[in-house]
Amino acid sequence: DRAEAAADGVARTVFTTERENIAFKKPVRGTFTRLPDSRKKDDSTPVVTRVNDGREDWFSGVATSGDPGFQDQFVVIDLLDRIPIAEVQVDWWAFAHPKSYSVLVSDDQKNWSDFAVDVAPEKGERILSDSGDQMYRSISISGAKATPLARYILVFMSKGAGYYSRFGRRYVQIYEIRAFSAKTPG
């Protein structure tokens, strides 16, 4: 919120609202099932649920993939209903991220459509996590002419795809995945 003075000299308050993250705490599955460090864990919930729980702290909010050289790495979020998807954001750890990945959408988890391909995290915004770790925020906007209606979102990195790991480890890490619906009239 902020106060502004109009041309007529009358002070007015401008309110801004955050967009609703339609992926927040929705059912999720995938290969991001490892903790970042066995000494830093909160194993009260499955690790993959960290990718859409709203926490961006390395100790309790990051999920670690399997080996990208050995198998595809992915996360599927079930939005529980068909929703017009306008934007998908993925926050990757700056020291362990893919060189590129794709975002796909589906109604049935069998037939997938490209939402965004060859997304490069390093071209995203460089930000800090709640614990001060460097992240890349990749923002993907649908390349389709019409906003796709879908129930499922897939963040996908193919087996053998390039990735950056500052410490030579064989994984990538996601802090958070967010999705936003297209604005509805009215």
ask   = Can you tell me how far the OG atom of Ser181 sits from the CG atom of Leu149, to the nearest 0.5 Å?
value = 8.5 Å
key: Cluster check Val28, Val90: I/L/V/M/F/W/Y, side chain < 4.5 angstrom   = yes
Donor-acceptor under 3.5 Å (Asp108 side chain, Lys110 main chain) = yes
Closest approach of Leu80 to Pro27 (non-hydrogen atoms, all atoms of both residues) = CD2-CG, 3.8 Å
task = Determine yes or no for a side-chain-to-main-chain donor-acceptor pair under 3.5 angstrom, with Arg178 supplying the side chain and Asn21 the backbone.
result = no
Ser131 (side chain) donor-acceptor with Trp58 (main chain) under 3.5 angstrom = yes
ask   = Got Val155 and Ile77 here, is their nearest side-chain heavy-atom distance under 4.5 Å?
value = no
Nearest heavy-atom neighbours spanning Gly66 and Pro68 = O-CD, 3.2 Å
ask   = Do Leu128 and Asp133 come close enough that some side-chain heavy atom pair is under 4.5 Å?
value = no
ask   = Side chains of Tyr164 and Lys99: does their closest heavy-atom pair fall under 4.5 Å?
value = yes
key: Salt bridge present between Lys26 and Glu20 (N-O < 4.0 angstrom)   = no
message = Counting C-beta onward and ignoring hydrogens, is there a side-chain heavy-atom pair between Tyr101 and Val117 closer than 4.5 Å?
response = no
inquiry  = Regarding Arg55 and Asp57, does a basic nitrogen lie under 4.0 Å from an acidic carboxylate oxygen?
reply    = no
query = Under 3.5 Å, side chain of Ser106 to main-chain N/O of Asn111, donor-acceptor pair present?
reply = yes
ask   = Under a 4.5 Å side-chain heavy-atom rule over Ile, Leu, Val, Met, Phe, Trp and Tyr, are Trp93 and Ile127 clustered together?
value = yes
ask   = Taking side chain as C-beta onward, heavy atoms only, is Val75 less than 4.5 Å from Ile177?
value = yes
request  = Could you list who else is in Tyr152's hydrophobic cluster, with ILVMFWY side chains joined at under 4.5 Å, directly or through other members?
outcome  = Phe74, Val76, Leu104, Trp112, Leu154, Phe156
task = May I ask you to test the Tyr175-Trp92 pair for a side-chain heavy-atom distance under 4.5 Å?
result = no
query = Could you state the interatomic distance from OG (Ser129) to CG (Asp91), rounded to the nearest 0.5 Å?
reply = 9.5 Å
query = With the 4.5 Å side-chain cut-off for hydrophobic clustering, are Tyr171 and Met157 part of the same group?
reply = no
ask   = Are a donor atom and an acceptor atom from the side chains of Gln173 and Arg34 found within less than 3.5 Å of each other?
value = no
ask   = Which pair of heavy atoms, one from Thr147 and one from Ala182, lies closest together, and at what distance?
value = CG2-CB, 3.7 Å
message = Can you confirm whether Pro98 sits close enough to Pro121 that some side-chain heavy atom of one is under 4.5 Å from a side-chain heavy atom of the other?
response = yes
inquiry  = Per the side-chain hydrogen bond (donor to acceptor under 3.5 Å, both in side chains) rule, what does the pair list look like for residues 66-80, sequence neighbours excluded?
reply    = Thr31-Gln73, Asp78-Arg151
query = Of the non-hydrogen atoms in Ser138 and Val119, which two are nearest, and what is the gap between them?
reply = CB-CG1, 3.9 Å
ask   = Any side-chain heavy-atom pair from Arg50 and Leu35 closer than 4.5 angstrom?
value = yes
Sole residue of Val105, Ile153, Ile141 in side chain to side chain contact (heavy atoms under 4.5 Å, CB included) with Phe115 = Val105
query = Under 4.0 Å between a Lys/Arg side-chain N and an Asp/Glu carboxylate O for Glu87 and Arg19?
reply = yes
query = Just by distance, do the side chain of Asn52 and the backbone of Ala23 share a donor-acceptor pair under 3.5 Å?
reply = yes
task = Consider only side-chain heavy atoms of I, L, V, M, F, W and Y, link residues closer than 4.5 Å, and tell whether Tyr163 and Val62 are in one cluster.
result = no
N/O donor-acceptor pair under 3.5 Å between Glu176 side chain and Gly54 backbone = yes
message = Test of understanding: with side-chain contact (heavy atoms from CB on, under 4.5 Å), list the residues that count as partners of Arg126, not counting sequence neighbours.
response = Ala94, Phe95, Gln134, Tyr136
task = For Phe70 and Lys159, run side chain to side chain contact (heavy atoms under 4.5 Å, CB included): C-alpha distance rounded to whole Å, both residues' side-chain angles, the deciding distance at 0.1 Å, then the answer.
result = CA-CA 6 Å; Phe70 180 69; Lys159 171 184 168 183; 6.0 Å; no
note = Smallest heavy-atom separation, Asp107 atom then Ala150 atom, equals OD1-CA, 3.3 Å
ask   = In Å, rounded to the nearest 0.5 Å, how long is the span from OG1 of Thr45 to CG of Asp53?
value = 7.0 Å
